[in-house]
Amino acid sequence: MNYEERDTYGMYKGRTNGGNVGALHEGSHTGLMGADTLIGTDVHNEQADNLGEIKEIMLDMRSGRVEYAVLSFGGFLGMGEKLFAVPWGALKLDADHKYFVLNVDKERLKSAPGFDKDNWPNMVDPTWATSIHSYYGTKSYTARAM
């Protein structure tokens with residue numbers, strides 16, 4: 001499913017902003033988007049392989065920034081799926097296809113640090129955060145500010 005299909009408020013209706021369908025503010029690649037419409041959006045890699053979908057968006061309550069998207073991968077009808085906290089900076093919106101792109105192949109994602117729905121990691125633990133950002137080749141907003 002894509003974000004336009006979940007847009008119950010009509011925020012994306014008729015908006016193109018220079019080819020960036022869904023953008024609510026001109027001037028940036030993706031503009032502003034509703035968080036609720038992003039949950040459930042598909043994630044693909046650069047080869048267009050489906051890697052799963054966004055299950056949750058994690059906000060840093062001190063800064064107000066989005067830090068991670070929780071991606072589900074594998075399993076069937078929610079059974080046996082693995083969850084991954086993917087740094088928000090590792091995702092790019094493909095507005096033409098209306099999905100996110102994560103530059104990782106399926107095999108690398110299968111071996112990525114993940115968790116199950118009943119055993120979430122402590123995402124504010126600096127050691128955990130460093131390992132996740134290192135795995136995906138990104139820096140946390142906190143680290144960028146230093």
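Count residues from 1 along the sequence. These numbers were taken from a predicted model, which means no experiment stands behind them. Computed over heavy atoms, backbone and side chain alike; hydrogens, waters and symmetry mates excluded.
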Undergrad: Run the ring-centre check on Phe100 versus Trp88 and record whether the distance is less than 6.0 Å.
TA: yes
Undergrad: Backbone N or O of Asp49 within a donor-acceptor pair of the Asn45 side chain at under 3.5 Å?
TA: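 Present.
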Undergrad: Hey, can you tell me if Phe115 and Trp120 have their rings parallel, tilted or perpendicular (30° and 60° cut-offs)?
TA: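 Plane angle between 30° and 60°, so tilted.
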Undergrad: Shared ILVMFWY cluster between Val124 and Phe84, side chains joined below 4.5 angstrom?
TA: no
Undergrad: Any donor and acceptor pair, going by atom type alone, linking the side chain of Thr41 with main-chain N or O of Leu38 inside 3.5 Å?
TA: yes
Undergrad: So which atom in Met123 and which in Ala85 form the shortest heavy-atom distance, rounded to 0.1 Å?
TA: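 Here Met123 and Ala85 meet closest at CE-CB, 3.8 Å.
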Undergrad: Which is it for Leu71 and Glu56 under the side chain to side chain contact (heavy atoms under 4.5 Å, CB included) test, yes or no, and what are the steps along the way?
TA: CA-CA 7 Å; Leu71 172 68; Glu56 192 58 81; over 6 Å; no
Undergrad: Sequence neighbours excluded, which residues qualify as side-chain hydrogen bond (donor to acceptor under 3.5 Å, both in side chains) partners of Glu46?
TA: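 With neighbours one apart ignored, the set is Lys92.
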Undergrad: Salt bridge check, Arg65 against Glu67: does any charged N sit closer than 4.0 Å to a carboxylate O?
TA: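 Salt bridge between Glu67 and Arg65, a charged N being under 4.0 Å from a carboxylate O: no.
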Undergrad: Just so I know, are the side chains of Val66 and Met58 near enough to count as touching, which here means a heavy-atom distance under 4.5 Å?
TA: no
Undergrad: State yes or no: do Val70 and Val43 share one hydrophobic cluster built from I, L, V, M, F, W and Y residues joined by side-chain heavy-atom distances below 4.5 Å, directly or via other members?
TA: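 Yes, one cluster joins them.
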Undergrad: Which atom names give the shortest non-hydrogen contact between Tyr135 and Ser111, and what distance separates them?
TA: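 Nearest heavy atoms, Tyr135 then Ser111: OH-OG, 3.4 Å.
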Undergrad: Is a side-chain donor or acceptor of Lys98 paired with a backbone partner of Leu93 at a separation under 3.5 angstrom?
TA: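 Checked: no pair found.
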Undergrad: State plainly whether one hydrophobic cluster holds both Ile57 and Leu91, where clusters connect Ile, Leu, Val, Met, Phe, Trp and Tyr through side-chain heavy atoms under 4.5 angstrom apart.
TA: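 Linked within one cluster.
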Undergrad: Does some side-chain heavy atom of Val104 sit less than 4.5 Å from a side-chain heavy atom of Lys110?
TA: no
Undergrad: Are Tyr68 and Tyr136 side-chain neighbours, meaning at least one heavy-atom pair lies under 4.5 Å?
TA: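 Not in contact.
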